[in-house]
Amino acid sequence: MNDVPKQLFIGGKWLDAEAGATMPVDDPATGEILCQVADAGPEDARLAEEAAVAAQEEWARTAPRARSEILRRAYEIILSRTDELALLMTSEMGKPLAEARGEVAYAAEFFRWFSEEAVRIDGGGYGVLPDGRNRMLLTRRPVGPCLLITPWNFPLAMGTRKIGPAIAAGCTMVFKPAPQTPLTSLALAGILREAGLPDGVLNVVTTSRADKVVEPILRGGRIRKLSFTGSTQVGRILLAQCADTVVRASMELGGNAPFIVFDDADLDAAVDGAMIAKMRNMGEACTAANRFFVHSSVADEFAARLAERMGALVVGPGTQDGVDVGPLIDDAGRAKVEELVADAVGRGARVLVGGATPDGPGRFYPPTVLAGVDPGSRLMGTEIFGPVAAILTFDDEDEVIRAANDTPWGLVGYVFTAGLDRSLRVSERLEVGMVGLNTGLVSNPAAPFGGIKQSGLGREGGRVGIDEFLEYQYLAMPVK
């Protein structure tokens, strides 16, 4: 950790924030401060924006193969430093080291994937137009300087998922990571510099004052693209700011994922899937299963099996051997989970396991299973973002689909059933951008990630992920 830069990265240089301002980074397992990092202000934001704008023209002219090779080298460097990057993430975010190592591999894969996409950009169109007067040539070019904003829950992967396609497309960037997890992002900037990324292409501003940094950039008229991952509430604010200068925006926002178990489901597979969909990252994921709808004929057995598996998980600091569940990110996050569980219990829910905050330091909360949850409970209408599985029962397919779709969000849904017809029918009727069919894991760099309704705009990853950073240009040429 001592080797990780603690300054801003602007124009290829490590710089202190204006007036030398700093902010603390703490360990959620203990609450103790790990270090201080630069806390950017409006002037730092202006410098970062200027650096990105100044570098854009030359970077856009860089050969696709050169951009590809930079990403490929960065991919290899990340993998070679798996253990140190994993420890860094665990220290500032809390997830167990095993999960952190998994994130390193996942994050690196975005760089490998987009290194291959960089050399496959084409316009996809050439020919004589229907009236016969002109030929049409379609080309694609970088959208221009981008502002990238990432959350704290997957500090490395959320960075590479945005930076990878921006580099591949030929865009420069101002990158603002979450204030809770700046160290991983600063380490990533150092890796890209080592991989040969030119000065000014990536500029990193760490800050506790997001409004003072982000709004001037969006309203300034020189940033042409915003890519944001975070809450729907903040996303609405940013969209309003983008409107002033018509900044192109892609957003991965909140989720409220239904997890549906039908009476013909393989319960072993369903419980395995539930453990992944609920407990990945301590439940602090937008893809986390939030509402469990289980057919009444199998609900008791499913709940008992899930409670047994959840109760066997070891809670503790992510750096300790054998730990399955680390701390939540901060006191506010844990307090939210406590309040949601208390509300559900107050409405009649039964606690099968967990449900009580442990004494001692750190932001720990035990894996919890609630049965008999009232549909009006607050946790049914908000992201829990913690290790709590709330189970309701159903008897009718139409009934459960209506309940699953009764939310303003539509990121992902999970369906467990043995019938092919039902698998396709239910998946098609769910109002979500992604479906996990008999699986609890949907995220993959080769697949388009994103949702509908208030879960966002656009897609990240997959073959379409680079499209968010490219513009079409149409050339008309007379036929002579």
Validation row: [X], [Y] side chains within 4.5 angstrom (heavy atoms):
X	Y	answer
Phe228	Leu147	no
Thr368	Met310	no
Lys95	Phe154	yes
Lys278	Phe292	yes
Leu186	Val204	yes

From [X] atom [atom1] to [Y] atom [atom2], the distance as rounded to the nearest 0.5 Å:
X	Y	atom1	atom2	value
Trp152	Thr184	CH2	OG1	13.0 Å
Ile167	Ser68	CD1	OG	11.0 Å
Asn281	Thr287	CG	OG1	8.5 Å

Salt-bridge present ([X], [Y]; N to O < 4.0 Å):
X	Y	result
Asp467	Arg459	no
Glu194	Arg81	yes
Glu109	Arg112	yes
Glu116	Arg120	no
Arg46	Glu50	yes

Under 3.5 Å donor-acceptor, [X] side chain and [Y] backbone:
X	Y	value
Arg291	Ala404	yes
Thr439	Gly436	no
Arg363	Ile329	yes
Asn256	Met380	yes
Asp244	Gln241	no

How close do [X] and [Y] get, heavy atom to heavy atom, and via which atoms?
X	Y	value
Leu411	Ser455	N-OG, 3.2 Å
Pro179	Thr207	CB-O, 3.4 Å
Ala390	Leu379	CB-CD1, 3.5 Å
Gly200	Thr172	O-CB, 4.1 Å
Pro366	Gly355	CG-N, 3.9 Å
Ile70	Pro198	CD1-CD, 4.1 Å

Can you tell me if [X] has over 12 outside heavy atoms packed within less than 6.0 Å of its [atom1]?
X	atom1	answer
Arg209	CZ	yes
Arg219	CZ	yes
Glu43	CD	yes
Arg222	CZ	yes
Lys453	NZ	yes

Pairing residues for [X] by the ring-ring contact (aromatic ring centres under 6.0 Å, His included) criterion, not counting sequence neighbours:
X	answer
Phe364	none
Tyr414	Phe259
Tyr75	none
Phe110	Tyr106

Q | Derivation of the side chain to side chain donor-acceptor pair (under 3.5 Å) call for Gln7 and Asp16 | A | CA-CA 5 Å; Gln7 299 169 290; Asp16 290 334; 2.9 Å; yes
Q: Tell me, please, which residues at least two apart from Asp211 pass side-chain hydrogen bond (donor to acceptor under 3.5 Å, both in side chains).
A: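 Residues passing side-chain hydrogen bond (donor to acceptor under 3.5 Å, both in side chains) with Asp211: none at all.
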Q. Checking side chain to side chain donor-acceptor pair (under 3.5 Å) for the pair Ser91/Asp27: CA distance, chi angles, key distance, verdict?
A. CA-CA 6 Å; Ser91 298; Asp27 178 353; over 6 Å; no
Q) Of all residues at least two apart in sequence or in a different chain, which pass the salt bridge (charged side-chain N to carboxylate O under 4.0 Å, His left out) check with Asp83? A)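 Scan of Asp83 (salt bridge (charged side-chain N to carboxylate O under 4.0 Å, His left out), adjacent residues dropped) gives Arg101.
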Q) Does the side chain to side chain donor-acceptor pair (under 3.5 Å) test come out yes or no for Asp39 and Thr22, once each step is laid out? A) CA-CA 4 Å; Asp39 190 2; Thr22 63; over 6 Å; no
Q.
If you apply the rule side chain to side chain donor-acceptor pair (under 3.5 Å), what do you find for Gln454 with Thr232, and how did you get there?
A. CA-CA 7 Å; Gln454 293 188 35; Thr232 299; 5.3 Å; no
Q | Ring centroid separation Trp113 to Phe449 under 6.0 Å | A | no
Q. Do Thr181 and Glu92 have side-chain N/O donor and acceptor atoms under 3.5 Å apart?
A.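 Short answer, no.
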(Q) Given Lys162, which partner from the list Glu468, Glu460, Glu252 fulfils the side-chain hydrogen bond (donor to acceptor under 3.5 Å, both in side chains) test? (A)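 In the set Glu468, Glu460, Glu252, the residue that makes a side-chain hydrogen bond (donor to acceptor under 3.5 Å, both in side chains) with Lys162 is Glu460.
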(Q) Leu148 and side-chain contact (heavy atoms from CB on, under 4.5 Å): which single residue from Leu226, Ile163, Thr229 fits? (A)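 By the side-chain contact (heavy atoms from CB on, under 4.5 Å) criterion, Leu148 pairs with just one of Leu226, Ile163, Thr229: Ile163.
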Q | Cation-pi geometry met for Arg140 and Tyr472 (6.0 Å, 45°) | A | yes
Q. Cation-pi between Lys225 and Phe469: NZ/CZ under 6.0 Å from ring centre and within 45° of the ring axis?
A.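 Yes, a cation-pi geometry holds between Lys225 and Phe469.
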